[in-house]
Amino acid sequence: MARCIELAKNGLGTTYPNPLVGAVVVCDGKIIGEGWHRQSGEPHAEVLAIRSVKDPNLLARSTIYVSLEPCSHFGKTPPCADLILEHNIPEIVIGTGDPNEKVAGKGIAKIKAAGRKVTVGVLENECNELNKRFFTFHQKKRPYIILKWAESADGFMAPLQKDERKPVWITNEFSRQLVHKWRAQEQAILVGTQTVVDDNPILDVRDWTGENPTRIVLDQNNRISKESHIFGNRSKTLVYSGFGDFGDNVALALAGRLYQDGIQSVIIEGGTRTLETFLLENLWDEARIFKGTNRFENGIAAPRLPQAVAHQKMVLQDELLIFYNHD
């Protein structure tokens with residue numbers, strides 16, 4: 001199962017709206033086939049694992065391990081539960097169930113009804129963590145929300161005044177490259193009106209190899225110029241407006257809109273106002289904060305989190321702090 005999880009991670013950023021899934025076929029204690037889901041519409045992990053077995057006759061006395069419950073419905077591809085039964089695989093070990101209402105236990109029930117041995121819950125916590133985005137989307141009806149910002153050594157996100165319409169860099173080039181890697185892993189990136197007006201960001205993955213996220217832009221009072229970089233053709237851009245009318249529930253309304261648009265995960269890279277909107281409503285799952293070495297002495301103060309730091313590491317001189325919200 002650990003190998004299933006390792007394989008599944010290869011699909012991070014490319015499988016949306018599908019989950020990350022890895023599968024391994026074992027016979028006589030040896031791995032004879034393995035696969036992982038690469039992209040929506042392409043074969044699922046179980047299909048690739050079964051196809052990779054050189055001697056199909058071995059399947060009738062093999063065990064297939066899969067990190068997520070096999071699907072039981074026809075989507076862009078046929079049901080994996082049926083494929084397992086067709087190949088007479090006698091034993092199936094599943095990491096965790098699928099929360100998608102189209103599956104939700106039906107795959108497990110179908111395989112059990114056929115008389116096969118089914119074990120569920122092997123490395124369950126690790127398998128749930130693997131698909132935290134997918135699970136959050138289906139269970140909480142909102143995307144997995146990551147807050148990200150950089151702050152100076154003295155706690156400011158930006159100086160009060162600047163001369164050019166572009167970001168004032170706090171972090172080094174390797175930290176910025178890491179951010180582009182993160183963008184390639186998530187389905188969307190969201191910024192507020194002021195960030196676009198002040199910084200004119202591109203919001204792509206130009207310093208990494210991967211898919212550009214969908215850009216979500218909050219445009220209050222039509223203040224954003226159509227000449228802004230976010231309207232370039234590097235990736236899809238969605239403009240949200242009218243959310244100022246939701247009072248103290250702006251973040252909740254935004255999360256609902258993102259869910260309606262099928263967004264499973266989003267990085268909030270906005271300014272202080274956008275970030276604090278989600279913090280005040282306690283509507284976030286993870287925060288990634290860089291602390292640089294430069295000092296502004298004065299400026300726009302960065303938000304403060306009450307949670308304890310979960311992980312801490314250095315990217316050259318930059319300090320990276322990771323927080324999780326378990327509320």
Side-chain angles (χ1 to χ4, degrees), residues 129 132-133 136 140 142-162 166-172 174-176 178-183 185-186 188-199 201 203 216-218 220 240 243-244 246-256 258 265-327:
E129 173 67 18
K132 58 189 177 184
R133 300 160 179 83
T136 298
K140 297 185 178 180
R142 65 165 177 83
Y144 187 83
I145 298 171
I146 300 169
L147 308 180
K148 174 263 161 185
W149 71 84
E151 60 184 67
S152 63
D154 51 355
F156 296 103
M157 289 180 61
L160 288 177
Q161 306 251 336
K162 61 179 185 175
K166 64 179 184 180
V168 175
W169 295 117
I170 294 173
T171 55
N172 64 56
F174 298 102
S175 295
R176 296 198 291 272
L178 178 57
V179 169
H180 286 210
K181 178 184 178 181
W182 292 343
R183 289 177 180 175
Q185 294 173 345
E186 310 307 329
I189 180 171
L190 183 149
V191 295
T193 307
Q194 203 62 45
T195 294
V196 178
V197 170
D198 291 346
D199 296 344
L203 305 181
I216 312 289
V217 182
L218 308 181
Q220 297 297 336
Y240 289 179
F243 282 87
F246 286 90
D248 295 334
N249 298 301
V250 173
L252 185 63
L254 284 169
L258 290 164
S265 68
V266 61
I267 300 179
I268 311 295
E269 281 200 32
T272 305
R273 182 177 179 184
T274 302
L275 290 164
E276 288 187 342
T277 295
F278 287 86
L279 288 168
L280 286 171
E281 295 181 43
N282 199 33
L283 195 59
W284 60 282
D285 299 289
E286 192 175 328
R288 303 172 182 177
I289 304 167
F290 286 101
K291 288 187 74 73
T293 57
N294 55 342
R295 305 179 71 87
F296 290 156
E297 306 301 338
N298 198 356
I300 300 170
R304 290 289 172 262
L305 297 175
Q307 288 81 0
V309 176
H311 302 290
Q312 182 178 10
K313 71 176 188 178
M314 302 301 294
V315 183
L316 292 184
Q317 292 81 24
D318 295 340
E319 184 180 22
L320 173 59
L321 305 175
I322 307 293
F323 297 81
Y324 295 105
N325 184 15
H326 299 296
D327 293 342

Side chains of R142 and L258 in contact at under 4.5 Å (non-hydrogen atoms): no
Within 6.0 angstrom of Y324 OH, more than 12 heavy atoms from elsewhere: yes
Side-chain H-bond candidate by donor/acceptor type, E186 with Y144, under 3.5 Å: no
Closest approach of N294 to S152 (non-hydrogen atoms, all atoms of both residues): O-CB, 3.2 Å
Heavy-atom pair with the smallest gap, counting every atom of P303 and E151: O-OE1, 4.4 Å
Spacing of T193 atom OG1 and L218 atom CG [to the nearest 0.5 Å]: 6.0 Å
Shortest non-hydrogen separation from V309 to Q312 and the atoms involved: CG1-CB, 4.2 Å
Contact check, side chains of V179 and T171, non-hydrogen atoms, under 4.5 Å: no
Flag, side chain of D154 to backbone of R295, donor-acceptor distance under 3.5 Å: no
Any F290 side-chain heavy atom under 4.5 Å of I170 side chain: no
Polar side-chain atom of E281 near backbone of A251 as donor-acceptor pair, under 3.5 Å: yes
Atom pair CD1 (I300) and OG1 (T272), whose distance is rounded to the nearest 0.5 Å: 5.5 Å
Check against ring pair (Phe, Tyr, Trp, His ring centres under 6.0 Å), W149 and F278: CA-CA 13 Å; W149 71 84; F278 287 86; over 10 Å; no
Sole residue of V191, V196, D198 in side chain to side chain contact (heavy atoms under 4.5 Å, CB included) with Q194: D198
Closest approach of Q307 to F323 (non-hydrogen atoms, all atoms of both residues): O-CE2, 3.3 Å
Side chain to side chain contact (heavy atoms under 4.5 Å, CB included) between I268 and V266, intermediate numbers included: CA-CA 6 Å; I268 311 295; V266 61; 4.1 Å; yes
Residues W284, L305; criterion side chain to side chain contact (heavy atoms under 4.5 Å, CB included); working and verdict: CA-CA 12 Å; W284 60 282; L305 297 175; 4.1 Å; yes
